[in-house]
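Working notes for the structure below.
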Amino acid sequence: MALSLAISPCPNDTFVFHALVHGLVPGAPPVDVTYADVDVTNTAAERGAFDLVKVSYAALPWLLDDYHLLPCGGALGRGCGPLVLTRGGHPDRPADPDRDGPGGPGRPGRVDLSGATVAVPGDRTTAYLLFRLWAAERPPARIEVVPFHEIMPGVAAGRYDAGLVIHEARFTYPRHGLTALVDLGEWWEADTGLPIPLGAILARRGAVDPEAAAGWIRESVRQAWADPAASREYVLAHAQEMEPDVVDRHIGLYVNEFTADLGDAGFAAVEALLGRAADAGLVPQTSSSLATAWTS
């Protein structure tokens, strides 16, 4: 029987899963793939809708009773964090280094958004969880959950004071006349010294052997790196009108050593994110205090 797989149409996911989706991984079963934004897959995973699914790390506390966390295939890294964008340094006033932190509003300090309406891509996304941790002392007045592709145009048009963006928006936001108010990745890395845990791959308990699934995904990653041209047509077909150079930069940033194996640093990053969020009352406590146990 085919396994159901849900991933995003983003270049990092299609690049990583090309071989598995196309039956090129020896010993792997056929795969029935669904492409959806991560906010959609977070919700679908709560219903147990897929055997293998890409979700936000921020959603794990609601999912680990029904899913194994796989130590590969996801998105972690350095220099790849979410950005808070505005049409200027701040929606209402210029930057103040004493208030905003070292280096002005684009650096990892604290910025007052207390009077702002902020568009976010999903209420259980890692990006929004990082934003809530960063803005805990001065949260915005209003949050609106907006489809990702509508955030930058909405900020540029003045419908929102600021927008929280991820992925290829790191490369394209200047085209919309927007400014990076803060890089949450810089803030997280400066505060913790750890990479940023963005997207996780889960295997449904009782439906998929997690050890076997990890082996299939690692082989798919290996093939992707060994022959990048093999997946090119497939990646571009799902890249939502991204230019080829943006696709290449996207893959180069989000497909890295943590894609093949989370390792100690990756698990420590996940533990730090969800531990801090649980201490702040933003997510439930997980059943284990050790991230390395989440794969069991």
Side-chain angles (χ1 to χ4, degrees), residues 1-36 38 40-42 44-57 59-77 197-228 230-231 234-235 238 251 254-271 274 286-288 290-296:
M1 293 180 61
L3 287 179
S4 56
L5 167 70
I7 57 175
S8 82
C10 293
N12 60 307
D13 282 355
T14 50
F15 180 77
V16 164
F17 285 92
H18 170 262
L20 183 60
V21 167
H22 290 85
L24 303 175
V25 174
V31 170
D32 181 11
V33 63
T34 296
Y35 304 97
V38 73
V40 174
T41 60
N42 286 344
E46 285 195 77
R47 304 192 306 268
F50 298 102
D51 299 322
L52 294 173
V53 59
K54 170 80 170 285
V55 300
S56 300
Y57 272 106
L60 288 191
W62 290 274
L63 301 175
L64 289 175
D65 286 343
D66 298 316
Y67 284 89
H68 300 277
L69 169 63
L70 298 186
C72 54
L76 287 86
L198 297 170
I201 304 297
L202 306 184
R204 187 159 61 90
R205 295 179 185 273
V208 187
D209 179 338
E211 185 175 356
W216 304 331
I217 293 170
R218 284 188 171 123
E219 173 60 18
S220 195
V221 173
R222 188 198 68 77
Q223 291 189 34
W225 279 333
D227 185 8
S231 63
Y234 170 65
V235 169
H238 292 278
I251 292 171
Y254 294 102
V255 184
N256 52 48
E257 68 270 24
F258 298 110
T259 311
D261 192 275
L262 288 176
D264 291 342
F267 279 118
V270 178
E271 184 178 29
L274 297 188
T286 55
S287 57
S288 170
L290 297 175
T292 51
W294 293 342
T295 54
S296 64

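Please read these numbers as outputs of a predicted model, since none were measured by experiment.
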Review point. With a 4.5 Å limit on heavy-atom distance, are the side chains of Val235 and Pro11 in contact?
Key: yes
Exercise for review: Find out whether Val255 and Trp225 are in side-chain contact, i.e. whether some heavy atom of one side chain is under 4.5 Å from a heavy atom of the other.
Suggested key: yes
Exercise for review: Applying ring pair (Phe, Tyr, Trp, His ring centres under 6.0 Å), name anything that partners Tyr254, two or more places apart in sequence or on another chain.
Suggested key: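 Partners of Tyr254 under the ring pair (Phe, Tyr, Trp, His ring centres under 6.0 Å) test: His167, His250.
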With sequence neighbours left out, write down each residue that passes side-chain contact (heavy atoms from CB on, under 4.5 Å) with [X], or none if nothing qualifies.
X	answer
Ala224	Phe15
Glu257	none
Pro26	Glu219, Gln223
Pro29	Leu3, Trp216

**Study point:** Tyr57 vs Leu69, side chain to side chain contact (heavy atoms under 4.5 Å, CB included): CA-CA, chis, key distance, verdict
**Key:** CA-CA 10 Å; Tyr57 272 106; Leu69 169 63; 3.9 Å; yes
Point to revise | Verdict with reasoning, Val55 to Tyr67, per side chain to side chain contact (heavy atoms under 4.5 Å, CB included) | key: CA-CA 11 Å; Val55 300; Tyr67 284 89; over 6 Å; no
Exercise for review: Please report the C-alpha distance between Leu52 and Phe17 in whole Å, then the side-chain angles of each, then the deciding distance to 0.1 Å, and finally whether the side chain to side chain contact (heavy atoms under 4.5 Å, CB included) criterion is met.
Suggested key: CA-CA 11 Å; Leu52 294 173; Phe17 285 92; 5.7 Å; no
Check your understanding: Is the shortest distance from a Lys or Arg side-chain nitrogen in Asp261 or Arg218 to a carboxylate oxygen in the other one below 4.0 Å?
Key -> yes
Practice item. Indicate yes or no: does Asp66 engage Arg205 in a salt bridge with an N to O separation below 4.0 Å. Key: no
Check your understanding: Would you find a donor on one side and an acceptor on the other, under 3.5 Å apart, between the side chain of Asp51 and the backbone of Val208?
Key -> no
**Study point:** Donor-acceptor under 3.5 Å (Ser220 side chain, Leu20 main chain)
**Key:**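 Looks like yes, one N/O pair under 3.5 Å.
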**Study point:** side chain to side chain contact (heavy atoms under 4.5 Å, CB included) evaluation trace for Leu202 with Leu60
**Key:** CA-CA 9 Å; Leu202 306 184; Leu60 288 191; 3.6 Å; yes
Revision key, fill the gap. Residue pairs passing the salt bridge (charged side-chain N to carboxylate O under 4.0 Å, His left out) test with at least one member in residues 5-33, sequence neighbours excluded, are Asp13-Lys54
